[in-house]
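Heads up: the structure comes next, in structure tokens.
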Amino acid sequence: MEWATDERFSTYKQYKEDTEAIAGWLAYNSRRCGYQLDGPLPPGPAVAPSSRLKGKARKQARSAGAKPATAKTILKPQYAINVSDFSRMAKAIADFKPKVDIPKALDNLFSRAIDARRRFTEWYQRSSHGEEGSNKRHAHFTGVLNSAWEILRPFEPARTSHVKKRPADAPKSEPVVALANRFSKLEVEQSHEVDFDTETSNSKPQDEDDYKLTDVAPVLIVKSEEDLEEDFLFAIFDFMQELAELRAYMRHTWLGYKKGIMELIMASLLTNTAIQLVRRAEHELDLMIQRPKKYPASRYPVWNFPDIFMYGTHEEDLAGKGRDLDSFLKPSAHCQVMGCGHAELCLSETFSALKHSLYEFNAMGGQCLLPGYNPHHEVPETFARIKGMLPCFQGIAQAMAESFASDEVTSGIGLMFASQTIPIWVAFAVQTLLDIQDELKDVPKKATQEVQQHARKMLASFRSRDFSHEPFSEAREGVQWLTTTLGAYELDVLGDNFRKTFTSGGMRDQSGRTVPVSRNMDAIRGQPGVPEFLFEPDYFLRINPVKCGMLKYGLYLQPHNYAVQLEVAWRGITGMVHLYIACRSIFPDDPVWPDMEYFLSHQDLGNIFLGGLPSSMEEAYRKALLAAGVTAVNFARDRRSTIPKLNMDKGRWVSNPCLLDGVFVNWMCGGKVMSDDMILSLIKVVSDPKSTTSQDKLFGVPLGSASRSGDARTEDKITILGRLAAQVTAETHDLYFDWLSFTETCQKIWAQIQDVLDKLDGKKSRFIPHRLLLETLGEAQECQWIAETEKFDTNSFVREQASKLVLSWKVIQKVNRQSVKISSENDPTDKKVWVGDKELFNVVSKSKGESTYPNLAVSTLQQVYKNWPKEDVNSSLTVSTNDANRTATTRFR
């Protein structure tokens with residue numbers, strides 16, 4: 001929870017920090033110019049002008065190795081500043097001789113703070129209901145800041161510095177999701193012509209360093225109750241405005257999915273994450289806002305803020321109808337909706353429908369499912385839509401609280417009924433779902449059909465595998481777990497499991513009587529209180545595309561993670577990597593293994609090979625030992641024993657290149673709501689050097705470009721989602737790459753190598769991949785020593801005398817050049833897939849018909865098919881499918 005108050009997710013918090021920095025600079029410099037301030041303040045508990053550590057304090061916290069302490073324990077206000085002091089302090093500085101230099105950072109801070117307040121004032125004036133006095137009050141502090149700025153800059157017009165554009169202010173021709181869409185249109189090409197700047201201005205955007213001031217005194221800005229209330233309303237406005245921008249971003253995201261330029265998985269992950277970022281920001285808002293006395297936290301929790309804002313803008317009308325604030329905030333039977341800009345900003349219809357449902361739920365005893373909604377009078381469309389679908393979400397959240405592939409819409413609705421509260425993030429989630437449905441209204445079944453088609457193909461492939469042989473037979477519990485897990489996914493995706501959860505009973509009609517429910521759905525059709533959606537197959541999936549995307553992601557993620565964990569125990573892929581690299585160095589002119597080449601390009605070879613690829617057989621053998629867990633002590637001179645001691649637990653193995661798996665695994669297993677730690681982990685992943693490096697490679701920009709774009713922990717929510725979109729795109733092919741199938745191929749090669757070497761040695765030995773590897777490389781090392789002693793050409797001598805290495809390479813070549821039968825009606829009969837490139841075919845075929853995700857670039861194909869006969873490359877179904885995908889991609893550019 002400490003992290004929540006140490007980082008910034010909201011522009012309001014940024015605004016607070018800006019105004020505090022301005023006040024602190026004015027206080028420090030005006031005192032130097034002779035202005036007398038009230039203070040210093042008497043000793044007391046530390047009160048921070050901002051909860052975020054800066055400069056030396058943050059550096060000291062890092063160097064201490066402790067958790068970053070918040071400014072609340074470090075900074076104490078030295079002076080109390082009244083709002084009226086701003087202009088006086090500015091005048092004292094402006095009149096001082098010699099002239100005080102005004103730093104550019106102060107201009108930037110004034111500009112950003114005034115811009116934030118001005119947006120609120122202008123919006124309020126446009127949306128006002130004729131409250132002239134209220135409008136003047138909203139413009140008061142904007143005038144205070146403007147006045148102080150103009151005093152400091154008397155000969156220059158008030159200007160706006162080059163502040164980064166807010167997403168809502170971007171040109172309509174550049175949608176908010178342009179960053180993610182641009183990522184999804186790129187090819188994996190080493191090109192440096194990509195422009196990531198969405199602004200057309202020639203000026204350079206500013207970063208946080210351009211807003212840092214020196215000579216700032218910690219101050220406490222003292223405000224009247226009227227000013228506090230105005231600041232309170234501004235904070236609510238700014239928060240809800242951010243949510244409106246985030247909704248626009250998500251609409252563009254799902255529009256991209258509808259058009260085929262955004263994958264369903266990415267759209268769902270971004271939506272789930274956006275909801276959680278709002279939850280995090282809502283908590284942060286509650287911590288940092290300074291409440292007027294009339295709105296104590298004990299009576300008005302943070303989720304009341306939007307309705308408090310609404311009541312304040314309609315108080316005269318509501319009071320005339322006998323509605324006071326407290327009755328307006330409580331769940332009730334009223335459909336309290338105002339058709340105005342305030343209502344749209346504050347999600348008034350959404351909150352009204354959720355409060356009505358919560359009231360209805362409690363009126364029925366607080367344990368039963370809501371009945372079907374049949375209004376007796378006309379109600380707003382949003383209200384009716386939410387009421388119509390809420391019983392389904394309520395029932396599923398209640399019956400399947402620990403379901404797989406959790407979506408935050410369903411989780412949020414379940415939390416609402418369980419906690420008897422309506423958090424802002426839950427209302428945002430419900431409204432975002434309605435926005436998604438609107439974007440997909442022309443193709444309402446698109447997401448459902450996609451996840452069902454994927455489930456059928458994936459489950460058929462999984463069940464066609466033989467898990468009775470090694471290495472799967474050594475991890476039977478893991479296979480059993482994966483089989484059970486995929487069976488649960490099958491029920492949810494193909495078995496209409498969500499609708500069947502309602503057959504256990506628990507619904508009541510409007511009179512409170514229990515509705516009998518039986519396995520025969522026709523027996524209850526038409527009974528009072530029975531929702532119509534019970535009779536519509538796949539209703540929940542159809543109205544919830546977010547769930548469809550999460551289920552599809554889970555169907556990829558579960559087998560992938562199982563295969564990664566299997567490799568930790570088996571180490572057969574790691575051993576094959578070492579053997580393949582050694583053989584390739586001795587036979588540089590032979591055709592390479594395409595799948596292995598691609599696999600290696602997505603691994604940290606510096607870690608696997610401890611510093612880089614081996615340059616000799618001696619080095620290959622030594623690095624294989626180190627990878628197997630042999631410590632450096634084993635290579636010391638004059639050791640009594642020459643037999644290396646293996647410690648497999650300290651080995652260096654191939655790793656999961658999908659960094660996001662570790663963050664999202666809780667969503668996939670057990671339906672857990674994302675915690676603060678998970679949000680922090682996500683932010684760290686999208687800012688991790690490994691992530692930024694993979695993005696740089698994918699998008700063809702110089703290494704380090706992504707990492708120079710700023711600290712994601714201090715960026716706004718949309719920028720964080722853009723980073724996530726880039727990382728999801730960068731990991732797409734890693735997710736599509738079938739580790740289970742690749743494991744089978746490596747196992748097949750190892751088994752044949754075992755047979756060949758047994759015949760060579762004239763004995764039958766126990767099959768262990770790393771033992772075969774060390775025997776083979778050990779012999780090759782001895783051949784190298786002989787060649788160096790006798791002054792022979794090393795590579796030629798190894799090729800002639802290292803029989804185990806040579807035979808192993810022949811097996812690798814033989815297996816990889818075997819044809820694979822691909823059963824597909826749409827694939828041309830004159831094209832082929834080989835064992836050596838079937839995983840790549842799996843990767844490129846996944847993109848076919850689903851999205852315009854990055855395809856394999858020409859340079860990548862040249863690398864993975866190096867030394868292949870030209871006729872084989874031309875007849876490769878993998879290459880032709882990738883070319884077809886690239887052609888389709890260009891249509892969206």
List the residues meeting side chain to side chain donor-acceptor pair (under 3.5 Å) with Thr19, not counting sequence neighbours, and say none if there are none. none

Decide yes or no for Ile102 and Trp25: does some side-chain heavy atom of the first lie under 4.5 Å from some side-chain heavy atom of the second? yes

Does the Ser147 side chain pair with the main chain of Gly143, one donor and one acceptor, at a distance under 3.5 Å? no

Has the side chain of Glu408 got a donor or acceptor atom that lies under 3.5 Å from a matching backbone atom of Ile275? no

Checking Arg153 side chain against Asp107 main chain: does a donor-acceptor pair fall under 3.5 Å? no

Test of understanding: with ring-ring contact (aromatic ring centres under 6.0 Å, His included), list the residues that count as partners of Phe96, not counting sequence neighbours. none

Aromatic centroids of Phe234 and Tyr15 separated by under 6.0 Å: yes

Could you tell me which residues satisfy ring-ring contact (aromatic ring centres under 6.0 Å, His included) with Phe351, sequence neighbours excluded, listed by chain and number? none

Just distance, no hydrogens or angles: give the donor-acceptor pairs under 3.5 Å from side chains in residues 301-310, sequence neighbours left out.
from, atom 1, to, atom 2, distance (Å)
Asp307, OD2, Lys355, NZ, 2.7

With a 4.5 Å limit on heavy-atom distance, are the side chains of Tyr28 and Val216 in contact? no

Atom of Val219, atom of Ala23 and distance for their closest heavy-atom approach: CG2-CB, 3.8 Å

Can you check whether Asp231 reaches Tyr12 side chain to side chain, under 4.5 Å on heavy atoms? yes

What are the two closest non-hydrogen atoms of Ala105 and Leu213, and how far apart are they? CB-CD2, 3.8 Å

Do the side chains of Arg299 and Asp326 get close enough for a salt bridge, i.e. N-O under 4.0 angstrom? yes

Counterpart residues, side chain to side chain donor-acceptor pair (under 3.5 Å), relative to Thr350 (two or more places apart): Gln431

Check whether more than 12 heavy atoms from other residues, nucleotides or ligands sit under 6.0 Å from atom NZ of Lys91, and answer yes or no. no

Are the side chain of Ser352 and the backbone N or O of Ser348 linked by a donor-acceptor pair below 3.5 Å? no

Side-chain contact test, heavy atoms from C-beta onward, threshold under 4.5 Å: evaluate it for Thr273 versus Gln276 and give yes or no. no

Considering residues at least two apart in sequence or located in another chain, which fulfil the ring-ring contact (aromatic ring centres under 6.0 Å, His included) criterion with Phe328? Tyr311

Quick check with a 6.0 Å cut-off and a 45 degree axis cone: is Arg112 positioned over the face of Tyr211's six-membered ring? yes

Work out which heavy atom in Glu282 is nearest to a heavy atom in Trp425; give both atom names and the distance. OE1-N, 2.9 Å

Is there a side-chain contact between Asp238 and Arg117, using heavy atoms and a 4.5 Å cut-off? no

Does any non-hydrogen side-chain atom of Val430 lie less than 4.5 Å from one of Leu347? no

Sole candidate of Leu269, Leu270, Thr271 that passes side-chain contact (heavy atoms from CB on, under 4.5 Å) when paired with Leu721: Leu270

Name the orientation class of the two ring planes belonging to Phe141 and Phe86 (parallel below 30°, tilted from 30 to 60°, perpendicular beyond 60°). perpendicular

Looking only at heavy atoms, what is the nearest atom pair of Ala94 and Ile151, with distance? CB-O, 3.5 Å

Quick one: do the Arg31 and Tyr79 side chains pair a donor with an acceptor below 3.5 Å? yes

